[in-house]
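What follows is a set of notes on a single structure, which appears directly below.
Since this is a predicted model, take the numbers as computed values, not measurements.
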Number of protein chains: 2
Amino acid sequence: MFSKATEYALRATIFIAQKGTEEKKLSIEEIAKAIDSPKSFTAKILQALTKDNHIISSVRGPNGGFYLTEKSKQLPVRIILQAMGDEEVLEKCVLGLKQCSELQPCPMHSQYKSIRKQLKELFVTKSIKQFASEIKDGVIFINNS
Amino acid sequence: MFSKATEYALRATIFIAQKGTEEKKLSIEEIAKAIDSPKSFTAKILQALTKDNHIISSVRGPNGGFYLTEKSKQLPVRIILQAMGDEEVLEKCVLGLKQCSELQPCPMHSQYKSIRKQLKELFVTKSIKQFASEIKDGVIFINNS
DNA sequence: ATAAATAAAGACAAAACTATCTTTAATTAT
DNA sequence: ATAATTAAAGATAGTTTTGTCTTTATTTAT
Ligand code: FES
Ligand code: FES
């Protein structure tokens, strides 16, 4: 469904939203361990989400690390897909036709479109915060290494 | 959702099922043109679906080409994903956890599982033939170059 | 000021994916 | 038999993805 990079981005962002605060930031070390992802690769991903997109906030130096502002937590999870350049799946033809339309539907279109719509709905209507709070509420995991 | 190779495999197989017969086989040339895919790459893919999996039938030489037996046409489309080694998406955790389970659910699990179930249902319950006949029935396209 | 801690930036490498081209084998038509 | 046609097989190459390592910049604590 998504690239490894996007999977790590989603896991990391949700984890940071749940555990990090401006007072107690999370280091790349902690994050990579928590979500079971390669540290340097994850660093690159967080860098992108910080620099270009301001989805994640970061501070360098001692007691530095990553956290999310309240505003960021309220963004739809789709924003992460967007930042990672991996939201194509929410729009694209399941058979890879250059465009998906009612005018030129592929053989699977009529059956597939409702599934894709639900998927899009999930990423558009639910915020980062909502999934972060899932972890808090119940017995929910962000890794299972 | 799927790799390019799998997209081509799905399009090609559905197209061959609709247009090819044992009497009038389809050449790789025709197929690649019809589904708008790179010829040699598509050849490799059809080769795999022919050799290892016997989903597609082929004959070499003049008037040779590809077609599907009636039996093959009745296989679920999932068989193509299986042959391409690309059916992970039907089972896998949306966040990429090593396993998806009710016992160790990720933060998106409860919302995502029904979507994935519908996707799997689509590929398991519908046959190649059913999608091939979509092309025949209405105004349905297998390319839109 | 200096040292320590931490993210940012950049260079590099391995693996997977996508694609092309050439040669070989099989089949058919003449 | 021979030539023509077609898929099979194999070699190769480009691109993208995934991942690691090193150096630099920034911030904090002493
Ligand atoms: S055209 Fe294929 S999903 Fe719409
Ligand atoms: S654990 Fe993530 S979808 Fe089930």
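Side-chain contact check for Ile128(B) versus Ile79(B): some heavy-atom pair is nearer than 4.5 Å. Residues Gln118(B) and Ser114(A) are in side-chain contact: their nearest non-hydrogen atoms beyond the backbone lie under 4.5 Å apart.
Between the Gln111(B) side chain and the Met108(B) main chain, no donor and acceptor come within less than 3.5 Å of each other.
Checking the phosphate oxygens (OP1, OP2) of dT27(C), no side-chain nitrogen or oxygen of Asn63(B) falls inside 4.0 Å. The phosphate of dA8(D) (OP1 or OP2) has a side-chain N or O of Ser58(B) nearer than 4.0 angstrom.
Rounded to whole Å, atom C1' of dT28(D) lies 17 Å from atom CD of Glu23(A). Rounded to whole angstrom, the span from the CD1 atom of Ile16(A) across to the C1' atom of dA7(C) amounts to 12 Å. Rounded to whole Å, the distance from CD1 on Ile45(B) to P on dA7(D) is 15 Å. As rounded to whole Å, 12 Å separates atom P of dT17(D) from atom NZ of Lys4(B). If you take CG of Leu26(A) and C1' of dA5(C), they are 16 Å apart, rounded to a whole angstrom. Separating the CZ atom of Phe66(A) from the P atom of dT27(D) is a distance of 14 Å, rounded to the nearest angstrom. Between the C1' atom of dT28(C) and the CD atom of Glu22(B) lies a distance of 15 Å, rounded to the nearest Å. If you take CE of Met84(A) and C1' of dT16(D), they are 14 Å apart, rounded to a whole angstrom.
Comparing Ala43(B) and Ser40(A) against DNA chain D, the residue whose closest nucleotide sits nearer the 5' end is Ala43(B).
Relative to the side chain of Ser3(A), the nucleotides dA7(D), dT18(D), dT5(D) differ in distance, and dT18(D) lies closest. Taking only side-chain atoms of Arg60(B), from C-beta outward, the nucleotide of dA8(C), dA5(C), dA7(D) with the closest atom is dA7(D). Comparing dT18(D), dT6(C), dA9(D) by their nearest atom to the side chain of Phe41(A) picks out dT18(D). Looking at the side chain of Lys51(A), the nearest of the listed nucleotides dG19(D), dA8(C), dA9(C) is dA9(C). Closest to the side chain of Tyr8(A), out of dG19(D), dA7(D), dA9(C), is dG19(D). Counting only heavy atoms from C-beta on, Ala5(B) has its side chain closest to dT18(C) among dA19(C), dA8(D), dT18(C).
Using modelled atom types, one finds a donor on one side chain and an acceptor on the other under 3.5 Å when comparing His109(A) with Glu102(A).
At the heavy-atom level, Lys44(B) lies under 4.0 Å from base atoms of the strands shown.
Using a cutoff of 4.0 Å between basic side-chain nitrogens and carboxylate oxygens, Lys120(A) and Glu91(A) are scored as salt-bridged.
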